[in-house]
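See below for the structure under consideration.
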Amino acid sequence: ERREALVDNFTRFTPSDWSLERFAAVDAAGVQARKIIGSLRPSAIACGLSHLELMREKRNETSPFLMLEDDALFGPNSCTMIREAIDLLEREGPWDILFPDLCITQMGVMADLLALRRKLMQEGHMRLLNPMRWAFASSTSYILHPRAIPKILSAEPKEWNVPYDLLLRHLVQEGRLRARCIFPFALSLEENSNASTISSDAELRTVYIWYLFRRMIWRDGHFAHHIAETESLTQGLSAETLAYARLWAAMADPSFVPK
């Protein structure tokens with residue numbers, strides 16, 4: 001169903017000169033057959049191997065290309081923003097990877113992005129941001145310049161103890177990949193993609209919070225679509241937590257004047 005949803009969504013929002021090419025993913029059985037070792041679950045290792053196998057197939061490409069997992073979501077503004085971002089990057093100089101969407105895990109960065117989104121939406125603009133200093137995650141979607149392929153393949157671990165998306169983050173933070181992200185985000189996640197096949201039950205609440213932020217903050221998202229979901233997250237919170245949350249909510253409002 002997720003695959004069919006991606007095809008339908010891609011067909012609806014992309015121009016006729018964009019094409020979608022499907023590649024078979026490595027599965028947990030494939031990980032075991034290859035005798036890959038590491039502390040990650042086989043499904044998580046399979047996710048990383050799938051990305052790397054696709055890069056090997058695309059290593060002779062001469063133009064940037066978009067890598068998508070099957071829970072990526074396009075909107076009416078996605079393709080225009082991606083094209084504009086690539087044009088900007090080409091004028092900036094050499095680049096390796098462009099993220100149309102990211103999972104943001106730091107509350108302070110979330111607050112900064114909310115303020116910036118309000119400004120950019122009012123102006124009708126987008127911006128390219130450098131995620132090097134962020135604690136970000138996600139390999140749901142990214143645009144690779146062919147020059148990045150050998151850099152990523154050379155970092156393939158002998159033992160898989162770190163998820164693939166965090167491997168990408170480390171390469172960015174170490175300066176081995178020159179990265180930018182489009183903001184407001186040009187893509188997001190399809191509905192219910194937070195029910196990840198590689199997340200344990202203990203992780204689901206955290207993943208759900210990150211998922212809702214991504215659904216609300218992207219260019220074609222809106223907070224009003226997720227009111228009930230955000231309200232459900234406050235159930236069971238302590239009085240202390242709610243008191244601080246009200247302070248932070250007041251600071252997040254456009255009426256707040258920083259000094």
Side-chain angles (χ1 to χ4, degrees), residues 1-7 10 19-73 96-103 105 131 135-174 176-179 181 187-190 192-204 206-207 210-211 214:
E1 291 182 4
R2 277 167 58 159
R3 294 176 181 177
E4 293 175 359
L6 173 60
V7 172
F10 182 90
S19 60
L20 186 64
E21 188 176 0
R22 299 298 302 274
F23 291 85
V26 178
D27 58 16
V31 172
Q32 295 172 347
R34 300 175 193 210
K35 298 181 179 180
I36 304 293
I37 60 174
S39 60
L40 296 181
R41 294 184 295 277
S43 57
I45 296 174
C47 177
L49 290 177
S50 297
H51 283 258
L52 298 180
E53 287 299 314
L54 177 52
M55 286 183 208
R56 290 187 177 93
E57 292 192 34
K58 306 289 283 186
R59 67 170 71 210
N60 293 323
E61 287 289 324
T62 57
S63 300
F65 57 93
L66 174 62
M67 301 265 286
L68 294 170
E69 294 182 352
D70 58 12
D71 56 350
L73 182 70
D96 294 308
I97 189 167
L98 173 64
F99 294 100
D101 161 61
L102 281 174
C103 174
T105 65
F136 67 87
S138 179
S139 55
T140 305
S141 63
Y142 54 96
I143 298 157
L144 277 185
H145 194 286
R147 72 169 61 89
I149 294 177
K151 298 178 184 180
I152 297 173
L153 291 178
S154 67
E156 181 175 1
K158 294 181 180 178
E159 294 187 14
W160 281 85
N161 300 316
V162 175
Y164 173 70
D165 56 348
L166 299 190
L167 173 65
L168 287 181
R169 186 176 88 188
H170 293 164
L171 292 176
V172 170
Q173 292 176 336
E174 292 167 3
R176 295 163 65 182
L177 288 178
R178 186 173 186 270
C181 76
L187 300 180
S188 190
L189 297 172
E190 73 164 6
N192 295 326
S193 66
N194 57 293
S196 173
T197 57
I198 61 173
S199 295
S200 67
D201 290 343
E203 297 172 318
L204 284 180
T206 299
V207 171
W210 294 343
Y211 156 80
R214 293 167 78 176

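For clarity, every value in this text was computed on a predicted model and none was experimentally measured.
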Is the shortest side-chain heavy-atom distance between Glu190 and Leu6 below 4.5 Å? no

So which atom in Asp96 and which in Arg178 form the shortest heavy-atom distance, rounded to 0.1 Å? OD2-N, 2.7 Å

Report the residues that fulfil ring pair (Phe, Tyr, Trp, His ring centres under 6.0 Å) with His145, sequence neighbours left out, ordered by chain and then residue number. Trp95

With sequence neighbours left out, the residues meeting side-chain contact (heavy atoms from CB on, under 4.5 Å) with Ala137 are Cys103, Asp165, Leu166

Which residues pass the side-chain hydrogen bond (donor to acceptor under 3.5 Å, both in side chains) test with Tyr142, not counting sequence neighbours? His51, Tyr164

Thr105 side chain to Ala135 backbone, donor-acceptor under 3.5 Å: yes

Closest heavy-atom pair, Met67 versus Leu54, reported as atoms and distance to 0.1 Å, is SD-CD2, 3.3 Å

For Pro131 versus Cys181, what's the shortest heavy-atom pair and its separation? CD-N, 4.3 Å

Are Leu171 and Ile97 side-chain neighbours, meaning at least one heavy-atom pair lies under 4.5 Å? no

Exercise answer: donor-acceptor pairs, residues 20-33 side-chain atoms, under 3.5 Å, sequence neighbours excluded:
| unit_1 | atom_1 | unit_2 | atom_2 | d |
| --- | --- | --- | --- | --- |
| Asp27 | OD1 | Ala29 | N | 3.3 |
| Asp27 | OD1 | Gly30 | N | 2.7 |

Would you check if the side chain of Thr140 reaches a backbone N or O of Ala72 as a donor-acceptor pair within less than 3.5 Å? no

Residue list, side-chain hydrogen bond (donor to acceptor under 3.5 Å, both in side chains) with Arg176, at least two apart or on another chain: Glu174

All side-chain contact (heavy atoms from CB on, under 4.5 Å) counterparts of Pro157, not counting sequence neighbours: Trp160, Leu167

Separation between CG of Leu168 and CG of Leu102, rounded to the nearest 0.5 Å: 10.0 Å

Give, for atom NZ of Lys158 and atom CD1 of Ile37, the distance between the pair rounded to the nearest 0.5 Å. 10.0 Å

Pairs flagged by salt bridge (charged side-chain N to carboxylate O under 4.0 Å, His left out) wherever residues 137-149 is involved - sequence neighbours left out: none

Specify the closest pair of heavy atoms between Leu49 and Ile36, including all atoms of both residues, with the distance to one decimal. CD1-CG1, 4.0 Å

Which residues pass the side-chain contact (heavy atoms from CB on, under 4.5 Å) test with Gln173, not counting sequence neighbours? Arg169, His170

Restricting to side-chain hydrogen bond (donor to acceptor under 3.5 Å, both in side chains), what partner residues turn up for Glu61, sequence neighbours left out? Lys58

Donor + acceptor pair across side chains of Asn161, Ser39 (<3.5 Å): yes

Does the Asp71 side chain pair with the main chain of Leu189, one donor and one acceptor, at a distance under 3.5 Å? no

Using the salt bridge (Lys or Arg N to Asp or Glu O under 4.0 Å) criterion, which residues pair with Arg59? Sequence neighbours excluded. none

If you round to the nearest 0.5 Å, how far is CG of Asp101 from OG of Ser139? 10.5 Å

Give me the atom names and distance for the closest heavy-atom approach of Met55 to Leu144. CE-CD1, 3.8 Å

Can you find a heavy atom in the side chain of Thr62 that is under 4.5 Å from one in the side chain of Pro146? no

By side-chain hydrogen bond (donor to acceptor under 3.5 Å, both in side chains), which residues pair with Glu156, not counting sequence neighbours? Arg56

